[in-house]
Amino acid sequence: MQPELDKVFKALADPTRRYLLDQLHEDNGQTLGELCARLDMTRQTVTQHLSVLEAANLVSTVRRGREKLHYLNPVPLQEMQERWVDKFERPRLRALSAVKRRAEEAMTDKPSYVYVTYIESTPEKVWQALTDAELSGQYWGHRNESDWQPGSRWEHVRLDGSGIADVYGEVLEAVPPKRLVTSWYDVGNPEVPPSRATYDIEQYDAIVRLTVTHEDLPDEQAKRDVGRGWPAVLANLKSLLETGHVLPQQPWTMP
């Protein structure tokens, strides 16, 4: 069995941890205090349960000011379904797609989309991959061009030599190699207010946890688009940093 799935099974074996996942399914992006409110446990005990869920990549966290928000990450559940359910039962269960939709629901003061991936690399190399025009062109299909200083313009430029930027925005925050925040304007919809993407890069021994938070998305279609786009782009980035080459097929073109 894959070690990652071992952690998922261990996390799901405890009824309290399953209850915490249920709570995040119902209302994603809760603080520790909100999760503790319905449990007759100390904050320390709940924190320990959440740490097990984070280790299994079932829960991801994002800091918002002084608070830490907890989000359900459905990817390991999807992998478990594919490994242990799909090949035994037909038609496929639809439960996980509902969880994913709920996880990406619009919230007035919470991120609209959060995706976490783990990469065998260093924070410096992940930062370079996000900000270097040549590297980003290899795994993203566009070049990310900027001097990456707060207040500077950045552009997501096509690789065909036309110089056309399909997305542009402002560098709102840059703390290499830990955190990058950018606004996103869609050239095709100039009247739509910008969204905002945040990259948080954290070292965990020999691996890096990269958390991408995309918020202020204009509508449900935009949420569906980023829900398909970010996993594909970050899978390509992960492959490039870990193996030296991108995936054999552009993952965002796959059905």
Side-chain angles (χ1 to χ4, degrees), residues 1-81 83-84 95-120 123 126 178-179 181 197-215 223 226-227 230-231 234 238:
M1 185 184 298
Q2 299 176 2
E4 294 81 3
L5 282 181
D6 287 346
K7 293 180 181 179
V8 176
F9 278 107
K10 176 183 176 182
L12 294 176
D14 185 273
T16 298
R17 293 194 283 270
R18 295 197 298 270
Y19 178 79
L20 288 169
L21 293 178
D22 285 338
Q23 295 307 304
L24 294 177
H25 176 204
E26 293 178 6
D27 184 13
N28 215 14
Q30 295 189 54
T31 65
L32 175 60
E34 290 170 333
L35 290 169
C36 289
R38 300 181 185 179
L39 287 168
D40 186 18
M41 293 181 178
T42 65
R43 291 172 67 92
Q44 181 179 4
T45 301
V46 176
T47 299
Q48 291 172 346
H49 282 299
L50 289 170
S51 295
V52 175
L53 292 170
E54 284 191 64
N57 203 21
L58 288 165
V59 167
S60 58
T61 60
V62 175
R63 287 204 171 273
R64 303 285 289 175
R66 300 177 62 182
E67 294 183 327
K68 181 190 283 187
L69 304 181
H70 298 79
Y71 288 85
L72 174 66
N73 180 20
V75 175
L77 297 176
Q78 180 68 49
E79 293 174 348
M80 180 183 289
Q81 180 191 24
R83 171 66 177 84
W84 294 102
L96 292 179
S97 62
V99 172
K100 186 175 185 295
R101 286 195 300 270
R102 187 60 180 266
E104 298 172 11
E105 284 180 349
M107 294 171 284
T108 58
D109 61 346
K110 300 173 183 177
S112 298
Y113 183 82
V114 178
Y115 189 85
V116 179
T117 188
Y118 291 86
I119 305 170
E120 187 177 0
V126 173
K178 297 181 179 180
R179 182 175 170 87
V181 184
T198 300
Y199 310 84
D200 287 303
I201 305 167
E202 302 171 88
Q203 182 78 58
Y204 284 84
D205 295 327
I207 64 174
V208 169
R209 181 169 77 174
L210 173 60
T211 303
V212 175
T213 307
H214 205 145
E215 55 193 315
K223 293 171 193 174
V226 300
W230 278 120
L234 297 178
K238 177 180 172 71

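We count residues from 1, following the sequence as given. This is a predicted model, so every value here is computed, not measured.
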> Which atom pair, heavy atoms only, marks the closest approach of L24 to Y71?
Replying inline: CD1-C, 4.1 Å
> Going from CD1 on I207 to CD on E202, what distance comes out if it is rounded to the nearest 0.5 angstrom?
Replying inline: 11.0 Å
> For the side chain of N73 and the backbone of N57, is there at least one donor-acceptor N/O pair under 3.5 Å apart?
Replying inline: yes
>> So T117 and V212, do their side chains get closer than 4.5 Å, heavy atoms only?
In response: no
>> I'd like to know if the side chain of H70 and the backbone of Q30 have a donor-acceptor N/O pair within less than 3.5 Å.
In response: yes
> Does E215 reach the side chain of T198, with side-chain heavy atoms less than 4.5 Å apart?
Replying inline: yes
>> Quick check: closest heavy atoms across H49 and R17, and the distance to 0.1 Å?
In response: ND1-NH1, 3.2 Å
> Between L53 and A11, what is the shortest heavy-atom contact and its length?
Replying inline: CD2-CB, 3.9 Å
> So, the side chain of E67 versus the backbone of R64: is there a donor-acceptor pair under 3.5 Å, distance only?
Replying inline: no
> How many angstroms lie between atom CG of D22 and atom CG of L72, to the nearest 0.5 angstrom?
Replying inline: 9.5 Å
> Can you name the nearest heavy-atom pair linking W230 to A197, along with the distance?
Replying inline: CZ2-CB, 4.4 Å
>> Please find the pair of heavy atoms, one from L20 and one from L39, that lie closest to each other, and give the distance.
In response: CD2-CD1, 3.7 Å
>> Per the salt bridge (Lys or Arg N to Asp or Glu O under 4.0 Å) rule, what does the pair list look like for residues 40-54, sequence neighbours excluded?
In response: E54-R209
> Atom OH in Y199, atom NE2 in H214: separation rounded to 0.5 Å?
Replying inline: 8.0 Å
> Which distance, rounded to the nearest 0.5 Å, do you find between the OG1 of T213 and the OH of Y113?
Replying inline: 10.5 Å
> With side chains defined as the heavy atoms from C-beta onward, is the minimum distance between L12 and L58 less than 4.5 Å?
Replying inline: yes
>> Give me the atom names and distance for the closest heavy-atom approach of V208 to P123.
In response: CG2-N, 3.5 Å
>> So, taking the atom named NZ in K178 and the one named CG in D200, what distance separates them when rounded to the nearest 0.5 Å?
In response: 11.5 Å
> Who pairs with R18 by salt bridge (Lys or Arg N to Asp or Glu O under 4.0 Å), at least two apart in sequence or on another chain?
Replying inline: none
> Do side-chain atoms of Q203 reach the backbone of D205 as a donor and acceptor pair under 3.5 angstrom?
Replying inline: yes
>> Is any side-chain heavy atom of L69 closer than 4.5 Å to one of T31?
In response: yes
